[in-house]
Structure formats: C-alpha cells, structure tokens
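Below, all heavy atoms of this structure are taken into account, side chains as well, without hydrogens, waters or symmetry copies. Here is how names work: the chains are called A, B, and so on, in the same order as the sequence lines, proteins then strands, and each is numbered from 1.
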Amino acid sequence: MGKIIKISGPLIEADNMENTMVGELVRVGNLKLTGEVTLIKNGVASIQVYEETSMLQVGEDVTPTGELLSAYLAPGLLGGVFDGIERPLDKLYGLEGDFLKRGNNIDRLDTTKLWGFVPTKKVGDRVSFGDEIGFVMETKYFAHKIMVPQGVGGKIKSIKSGKFNILDKIAVIEDKNGKNHSVTMLQKWAIKTPRPYLKKHSPDIPLITGQRVIDTLFPIARGGVCAIPGPFGSGKTVVQHQLAKYCDADIIVYVGCGERGNEIVDVINEFSSIIDPKTKESLLNRLVLIANTSNMPVSAREASIYTGVTIAEYFRDMGYNVALMADSTSRYAEALREMSARLEEMPGEEGYPAYLASRLASFYERAGSVENLNKTNGSLTIIGAVSPAGGDLSEPVSQATLRVVKVFFALSSSLAYSRHFPAIDWLQSYSMYSKNLQIWFENNISTEFEKYRTFLLKILQEESNLLEIVRLIGADSLLNKEKLILDTAKIIREDFLYQSAYDDLDAFCNLKKQFRMVEAIYHYYDKLSYAVNNGVGFRELEDLNVKTKFKEMKYIADSKINDFDGILQQIDDEIDAKLDFGGEDEKL
Amino acid sequence: MKSYKTIREITGPLIILDNVEGAHYDEVVQIELKNGSTRHGRVIMVDGDLVIVQLFESNLGLSPTNAKVKFLNKPLTLKLSPEILGRFFNGLGKPIDDAGELFAEKEVDINSSPINPYARDYPSEFIETGISAIDGLNTLVRGQKLPIFSMSGLPSQELTIQIARQSRLKNKDEKFAVVFCAMGITYEEADYYMNNLKGLLDKTVMFVNLASDPAIERLATPKVALTCAEYLAFEMDMNVLVILTDMTNYCEALRELSSAKKEVPGRRGYPGYMYTDLASIYERAGRIKGKKGSITQIPVLTMPEDDKTHPIPDLTGYITEGQIVLSRELYKKNILPMVDVLSSLSRLKEKGMGENKTREDHSGVASSLVSAYSAGVNAKELAQILGEGALSPRDKIYANFATSFEEKFLSQGFYTFRSIEQTLNIGWELLSLLPKEDLKRVKKQYIDKYLKN
C-alpha cells in the first residue's frame, strides 16, 4: 500500500508503489477515489485521479487493485447512462441524488438482475476466445451474445440454461491441460487495448443516415471513420444527434466528452421519444451513453473515449453494426494536454503533447468493418466531432484528425448564419468512400446514382465560380445557361440540401426518396438546358409553376413516392409548352 | 488548527511554505499579520511538507517574518440563509452592507459537486424578455446559459438590465430572484447596475469585485455567486437569473495566476485548462428533475478587438447554449438593442418555441426572418460594390426587407416591452414584403392563417 506524497489538482504522487503496474486502477485516499497509474519512478507512482481531489491530504493511503482500468461488458449495458469510467449515472442518481458525490465504487452493471440465458453450444463442443456459447434477449429484439472470454478455450464440460445474474457461472470449459475455467456473462476488458478480430475488410456498405447531404453527396461507410469539425454554433452536435438517431446501425454508443450536461439529457429524451420503425421499441434500447460533461473531472475525459470504444467493439464482436459518436474529440485532446502539462512533459505544438497525433490515430483505427474471431461480420463506425479553437482548422487536433479520417464534414458558420442546416459546406467536405460504395448504390438504388451525385457537385461548384463573377460585375451580364446553373443550384441548396432536424416528415429522408428528389432536379436542369439551347429566354423559364412542387418535395410522404412521376411530367409539360410557343415565335 | 510561520517565498499571488504537516489540497488558509489584519488564500499544491498557497488578496505588506498562516481544514465556503436576499457582498462572499454578518443556516463549499447529468431536466420553458431580437429569434429558456458578447464602447449593461427587469415567466406565481456577480468592473458600471436593480432589491443578491479589488479575488467571485444561486434555486425553489459581468476580467485574472504559477501558456497566453475552468462556472446553470427552481445564466463578456475567435468568446461559445452578439454598426445606426441576429444564436430556441409555449408559427417565422435578413444584408453589400442599379429585382426586395427589418423588428429601445404575439405579428408584417413562393420555411397552413396582404 502506498502513501500520498504530492497533490497537484487531478495528479497525485504516491510512494512505496514499486509493485504497481502502469495503467493499474488504484483507490486513492480515505474517500477511495478512482485513479490510474501513469508512470513509475524510483518507487514513486504518478496517478491520474478520475475524481475531484479537493481536501485530499498528504499521507493518505493509495491501494492498488491489481487490475488494469477496464470496461465491464455484460447484459445490462443497453439503455444505460455511464460516466467516463463506466459508473452508472442513472443508478447514482437514485442512490445519491442530484449532485455527484465522490468515491462511490458501486457495481457498474446490475449484478442482481436475472437474465434468461439460452445456450447455443452443448457439452462436448470445442470453443475458443470470442466464440458464442449462448445469448440473452436483452431487449425484446436484441440478442446479447455471450462469448468466450479471453484466455479461455477448450471443450465445454457443462453449460446451463435458465435465469442467471451476470456473476453466476453459466458454463465450465476444460482447456487442453485439463484445467477447468468457469464462465460468467461478465467480461472485463482493459480499455486501452483494442479487442482483436480476424481480419479487416474494405468498407463497401453505406451507413444510411437519412440526411440528404450525407447519404447522397458525402456517404459514410459502415466501419468507416468520419470527422465533423466546425466552430461553435455551426451545428456539430445537432448533426451528431441526427446521425445517432437515424443511422441504420444496430447499436449506438454516444460519448459526450467534455460537452454540456443538457446535451446528455437531450440525447436521453430524444432517444426515448423516437420509436424504432424496425422493432417498435424506443431508440433508447439501442443506445449506450457515456457522459463526461465539461464540469465533470477532466482526467476522466480520455477514459470516456476508450470506455466507449471498448463497449462498441464488444457489440461489434457479436456480429452487429455499431456506430460510435464522440462529441468532442477536442476536449479529449485538451485533457491530454492538461495532464501532460502537469506531468511536466515537453510540450509539442500549441502545448499539446507530442503523442497527440498517434493517440488520435490509434483511437480512430479501432473502427472498421471486420470478420470477428467467431467468424461473424461486424462493423464499428466512428464519427468524431472536432471543436477547433476559433474555427481555425490549422490547429493540431484538426490536422491530426484529418490525416486519419476518410469522411470530412466541414461545418461552416456562414451557412449557419443564413440558417442553412445541416451547415455542411458542400465545397469543402468530402467522402473518400463514394467510390467503394458505388457498386452498392448501383445494385440497391439505381445505376444512375453516381451520375446524379456528380451532377449535384458539379452544379454547386459552378455556382460558386459564377457567384464570384456576379460579385464583381453583377448578375445581368450572365449568359442564359449560366443563369440556369444559378437557378438550379438554388433549388439544390434550398429544396434538397436544406433539411430541418425539427420537422417530423423531413428529419429522416430515405435513400429512395433522396434519389427521386435528385432525379427531379436533374430532369429540370436537363429539360431547361435543352430549352435554353433552343432559344427560349431564361426570363420565361424563371417562374415555372413546377418550382412550388420542388418546395414541397421534401414533405412528400414515403407512401406517396409516386408523386415524383407527376413532378417529372409537369416539368415536361411546362417546358414543352414554352418550346411550342417559342417555336411559333420564331416562325413569326 | 495548526499555524505556521514558515513562509519561504512570496511571489505575486503565490506564497510557498515549508515544514507543513498534513495540509489538504484546496484547503483555505487564513494569514494573520502582526498588525492584526487577516488575508485569505487557498492551497493549490502540496508536495511532501512544502505547500503552495494562492492568495485571494493583495500581497502588499506580507513578509516571511510578520505573517502566521493558519490552515482552516475546510475549502472556501459561503454562509447561506433565506435572509441572503437583498444583501450585498464582496467577491469572497463577505457582507459589505451595513446589515452585519449573515445569520447562517448552512455553510457550503463554493466548488459544489457537478450536477449528475442524469438528474438534469431539459430547459424548455420560454422566458419572455420582451425583446424581439431575443424572444422572436433567439428564444431564451429557463435554465439556459446565454452569454452576451459585447464590445468595448457598447452599452451592454443596458441590455442586461433590460433582460433582468423585463423577464417574466408564463406562470407568474413562481418566485424569481437575481444574483448579480461583478468581476473587475468599474465603480460607475457597478453603480449603474445597482441603481437599475433597485426595483428588484428584495429579490437581488449582489457579489461585487470592483476593478480596484484584487484581481485574484475575482477567481472566486462567480463560484461564490453560483453557490448562492444554487441555494436559492434548488433549496428555496426560486427561478434565479445570474448575471456574470465581465467574464473577460475573470479570464484575465486566470491568465495572471497561470503565469505566476509558470504554467505552459496556451493560446494568447491563457492557460490550457481555461475551457475546463469556464465550464465549471457555466455548467452550474440548469434545472434539476423534480425541483421547482432553476438557474439561468447571462454571462457578459467583452470581446477583445471585437474578435469572436479570441479565446475568451471562443471557449465560452463552445460551452454555453448560444450567444447574443452585439453589433457596433447597429449601435451607430441607433438600432437599439444592438443585437446582431445573424451571428447570435440560442441553441435551445426550438425547445422554447411552438404551441403552448409561444405560438405554433414561431419556429418557421424566426427561421424565415433570419434567412431573409441574411439574404438582404448580402444584397446590400453587393449594392455597395456595384451600385443599387446592379441589383436584380429580387435582390432589391431583399435589400429593402433588411432595412425594414432593422427599423421595425430590431429597433425597440431599452425600455419597450413587446409581447411575443406583438413580436411575431411584426414578423409577419415584414414577411409580407417578400415574394410568397420564397416562404419555404413556414408551413403553408400558417401562411394562410397569419400572412396579411
């Protein structure tokens, strides 16, 4: 047992700690605060304390636990709200009331609740690490698979069926040396070690989010990595929430890292109010929420990210598609900086430690579309928000993130000021998955999908060039076909890209409808180009009635998807009328 | 309680003591001088028997030989009782009016534990401030933290006072209180606030640290004020409005202390942990499940060089739920209150808008007004470069809209109260200036119901 010899904020030093390990979980002081050993020098351990250290005294005890800082993995995770080191905030609220107290070492998962365990393996079967031996229906529709923990493998000697808590022995496995290992539903996993898999695939299925600007223009792949940087007020959190609510992953792990307490409540409220169309249950049943809000101890920021990703990997190992939202990774980086400064390490760029880039890269690398040890396929998609200081992407966290991610949503404050949401800047954002996903879109939506996607991007790019000219010499000098580009771009921006997160019909837009919307716009542009090239003046085309149809397009219900045929027809009719008229005009 | 005379070093706001036994981190110390005066400080590091103390007051006149340091074995606390209303304190929570010591019912650590996020209740009740730019476009809700980003030379205090004076909740039976926390402001400014809060005197608690008071003291002031606010809100069931002014002075004091501690400076010399430190203040706003009271914060800060990307407004904006940005240009045009609605934002506005809260059409009207104003401002900029003649007919409509919007909607002065209905009706009047097919953000049924032509 060690004794505290130095206290400086969340960092303490204790002597007499020769036998401790780096990364070991320790209990600090009379209050038994949770801490983690970060370095050991001449028997003195530096310990990062995950709770407020106020009124701690030199000379108090430090007790090692012999365990690395680990996540507890078992049925009971879904729908839970945990702090950065996986303490259940919902249960703490019941026990301690409104304010968080210190030194509470309660069970992280409920150890008394009984779960109905259904074995899928029988006595005599050979199993190894990661193999499924049975499952528990954690919610009505979610099968929580129970897998063989690490370090265990061999022949099943006995396996039970029935109701058990997570600490009960449900099976005994005999290894090749004849030694018996009993298996419970609870596993522990050191959060800083990635959980293993057999191999990684290249991601080729999109994660469908129902957000038009994302799915159509900048798609995310299942197992991909995506960053959302943006200045404050540009809607990072709203985009994260939309993705969490509507993306078609089986499990969502949402890490609120150093952000507002109210946002956590918002996530809980929103998720409980939305009913999953597939299962008819509240979305809360597919969510694990990790909350280390900005007024909770800064030292637990880093742990919150790792706890989240470990839980996400655990569900991936069962063969599910998991999405992890981390809001915001900048707060995690700042926590690294703060701890690094207290450890008196040599600072790198802007005071961040030199290992910032490698830590971020190794975190994002835990995403992927993989074949698991038990031969199932699963994926873990990571979507990280970045909060660059002053909105300037040249700062180290943004730069280190951009080097590893494949999808980049640039949130722009000028779009946010003009209340264009999602404020994803179409000129700067990119998705490097669009090529990988092309085949999927061709097979599942339409062979025209890629053509329309490039059409949208081209018009938007040309619009930006033309607006430069307009700014210099005014709109009058533009050619008819250039005016048409501006007109089409406006429709794309206002009627397609603009999507209200607060409108019931518009908040989620399925892929088929997205495709029909682009198709209508493409058809409009195509038809009008033809008319313009055949001498119809743009002024005549400016106020077609069909434009009001575009305005209402996003409110077309999924059941009335055939209404789009009517819009295409109306475009044809109106333009043909102009063409006929134009023709007569020429004759005269 | 142990006393020590082992001061080894006095540098700026820090004193270092030797041979101290069993000091607690974060403990308060009382420094007694030979002449009988006392000062206070707090332990910020313990290393074996060496202790570093941060003073809350001036170090003038201190010497290693004339001072005795007493360790009080408790963190900095504030005495509380229902009689605190109407009282006047210094930045550390010591009464400075003539009413004497407060008869304390309880004594609370000013650092308070964080609210369990699970215990929070989402802010969603509309607060009517009677200011169109806020109620109409950047709706304030109970339990929100909404800062005012001011600039030097703008009368931000008039807007702040207008909010404090006019704010009303839908249910008028509920109890209301103002906690006013001044950090490093001038006597004149503090006096302005005091005179104007007179009408609310029996519902106001003031904590004042003036520009002439020690800068280090103001690091404790917002925590003291918020401890009082938490007491009023969560134990006395009051809806508390906390005004924190000026956060820029607070951050500068933080920088001063950080440089005295020889820490690695972050952006513009502010410490790397400023985000966390500010969060520990701003996050103390909110509502708690099952409690009647609430804490709504209006921090005021002055943007150095009018720069929104300066670390103080930048970090604040990342923590708070929106911001009200003031505009020098509008002030010069005498459009008062001078709120720049394009860069202002209330993140919780959608929660406070709509049927049963304000009016069903609110959200659509707000979004239409801002996007049309934004288009109008762009058109006006274009006209400045190319001349009005170069504007398309559509651009002209929008340019005119922007002008009317500023004159009719934004401009109302600091003494007019507009109900939310009045605000929305002015909004519709302005929207009628626009081509009807451009009203894409309002539902058709509301256009039919409210738009007059």
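Annotation: side chain of A/Asp503 is in contact with side chain of B/Lys443 (closest heavy-atom distance under 4.5 Å). With contacts defined as side-chain heavy-atom distances shorter than 4.5 Å, the pair B/Thr276/A/Glu334 does not qualify. Inter-residue side-chain proximity for A/Met296 and B/Pro117 is flagged as met; some heavy-atom pair is nearer than 4.5 Å. For the pair A/Glu52 and B/Asn111, the minimum side-chain heavy-atom distance is 4.5 Å or more. Considering only heavy atoms from C-beta on, B/Met45 comes within 4.5 Å of A/Lys6 through its side chain. By the 4.5 Å heavy-atom criterion applied to side chains, A/Met55 and B/Pro75 are counted as neighbours.
Across B/Glu283, B/Arg287, B/Arg347, B/Glu321, a single residue satisfies side chain to side chain donor-acceptor pair (under 3.5 Å) together with A/Asn262, and that is B/Glu321.
Taking the ring axis of A/Tyr93 as reference, the NZ or CZ atom of B/Lys289 stays within 45° of it and closer than 6.0 Å to the ring centre. For the pair A/Arg331 and B/Tyr318, the distance from NZ or CZ to the six-membered ring centre is under 6.0 Å and the angle to the ring normal is within 45 degrees. A/Tyr498 carries B/Arg441 over the face of its six-membered ring, with the cationic atom under 6.0 Å from the centre and within 45° of the normal.
When the shell of 6.0 Å around NZ of B/Lys292 is examined, it contains 12 or fewer heavy atoms from other residues, nucleotides or ligands. Shown here is A/Lys549, whose NZ atom has no more than 12 heavy atoms of other residues, nucleotides or ligands within 6.0 Å. Around the NZ atom of B/Lys291, the shell of radius 6.0 Å holds more than 12 heavy atoms that belong to other residues, nucleotides or ligands. Within a 6.0 Å sphere centred on CD of A/Glu542, heavy atoms belonging to other residues, nucleotides or ligands number more than 12. Other residues, nucleotides and ligands place no more than 12 heavy atoms under 6.0 Å from the CD atom of B/Glu388. Heavy-atom neighbours of B/Gln445 CD from other residues, nucleotides or ligands within 6.0 Å: above the threshold of 12.
The contact between B/Val46 and chain A is made by backbone and side chain atoms together, counting heavy-atom distances below 4.5 Å. For B/Asn73, the parts sitting under 4.5 Å from any heavy atom of chain A are the backbone and the side chain alike. For B/Ser371, the parts sitting under 4.5 Å from any heavy atom of chain A are the backbone and the side chain alike. With a threshold of 4.5 angstrom between heavy atoms, A/Val58 approaches chain B through its backbone and through its side chain. Of the atoms belonging to B/Val43, not a single heavy atom falls under 4.5 Å from chain A. In this structure, chain B has heavy atoms under 4.5 Å from both the backbone and the side chain of A/Leu92. Both the backbone and the side chain of A/Glu259 come within less than 4.5 Å of a heavy atom of chain B. Heavy atoms of A/Asp392 lying under 4.5 Å from chain B are absent altogether. Interface remark: B/Leu342 contributes backbone and side-chain atoms alike to the contact with chain A (heavy atom separation under 4.5 Å). With a 4.5 angstrom heavy-atom cutoff, B/Tyr282 does not touch chain A via any of its atoms. With a 4.5 angstrom heavy-atom cutoff, A/Lys490 touches chain B only via side-chain atoms. For B/Tyr275, the part lying under 4.5 angstrom from a heavy atom of chain A is the side chain only. Residue contact with chain B, scored on non-hydrogen atoms closer than 4.5 Å, is absent for A/Arg102. Contacts of B/Gln144 with chain A are absent, with no heavy-atom separation under 4.5 Å from either backbone or side chain. Only the backbone of B/Pro313 has a heavy atom closer than 4.5 Å to any heavy atom of chain A. For A/Ser418, the parts lying under 4.5 angstrom from a heavy atom of chain B are both the backbone and the side chain. Proximity to chain A involves both the backbone and the side chain of B/Arg120, based on heavy atoms less than 4.5 angstrom apart. Contacts between A/Pro88 and chain B at a heavy-atom distance below 4.5 Å are absent for every atom of the residue. Using a 4.5 Å cut-off between heavy atoms, A/Ala389 contacts chain B through both its backbone and its side chain. If you measure heavy-atom distances from B/Glu27 to chain A, the contacts under 4.5 Å come from both the backbone and the side chain. Proximity to chain A is absent for every atom of B/Arg42, based on heavy atoms less than 4.5 angstrom apart. Only the backbone of B/Ser344 comes within less than 4.5 Å of a heavy atom in chain A; its side chain stays farther off. Contact of A/Leu472 with chain B is made through the backbone alone, with heavy-atom distances under 4.5 Å.
Checking side-chain atoms of A/Arg260 against main-chain N and O of B/Thr320 turns up a donor-acceptor pair under 3.5 Å. Using modelled atom types, no side-chain atom of B/Tyr25 and backbone atom of A/Ser8 make a donor-acceptor pair closer than 3.5 Å.
Remark: B/Glu437 does not engage A/Lys547 in a salt bridge, criterion side-chain N to carboxylate O under 4.0 Å.
Rounded to the nearest 0.5 Å, atoms NZ (A/Lys551) and CG (B/Leu439) are 6.5 Å apart. Once rounded to the nearest 0.5 Å, the distance linking CG of A/Asn295 with CD1 of B/Ile115 reads 7.0 Å. Atom-to-atom distance recorded for B/Ser374:OG and A/Arg419:CZ is 8.5 Å, nearest 0.5 angstrom. How far CG of B/Leu315 is from OG of A/Ser294: 11.5 Å, rounded to the nearest 0.5 Å. Taking OG of A/Ser234 as the reference point, atom CG of B/Leu345 lies at 9.5 Å (rounded to 0.5 Å). The CG atom of B/Asn116 lies 8.5 Å from the CG atom of A/Asp98; values are rounded to the nearest 0.5 Å.
The most heavy-atom pairs under 4.5 Å with chain B, out of A/Glu13, A/Glu350, A/Arg471, come from A/Arg471. Ranked by heavy-atom pairs under 4.5 Å with chain B, the first of A/Ser500, A/Pro231, A/Ala335, A/Ser328 is A/Pro231. Ranked by heavy-atom pairs shorter than 4.5 Å toward chain A, the options B/Lys74, B/His310, B/Glu381, B/Lys145 are led by B/Lys74. Ranked by heavy-atom pairs under 4.5 Å with chain A, the list B/Ser280, B/Gly272, B/Ser363 is led by B/Gly272. Taking chain A as the reference chain and counting heavy-atom pairs below 4.5 Å, the highest number among B/Asp277, B/Val264, B/Val341, B/Ile288 is found for B/Ile288. For chain A, the option among B/Val370, B/Leu348, B/Leu391, B/Ile281 with the highest count of heavy-atom pairs below 4.5 Å is B/Val370.
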* **Test log, rule side chain to side chain contact (heavy atoms under 4.5 Å, CB included), inputs B/Lys440 and A/Phe550** => CA-CA 10 Å; B/Lys440 295 186 180 182; A/Phe550 283 134; over 6 Å; no
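A pairwise comparison of heavy atoms in A/Leu89 and B/Tyr118 identifies O-CB, 4.0 Å as the closest pair.
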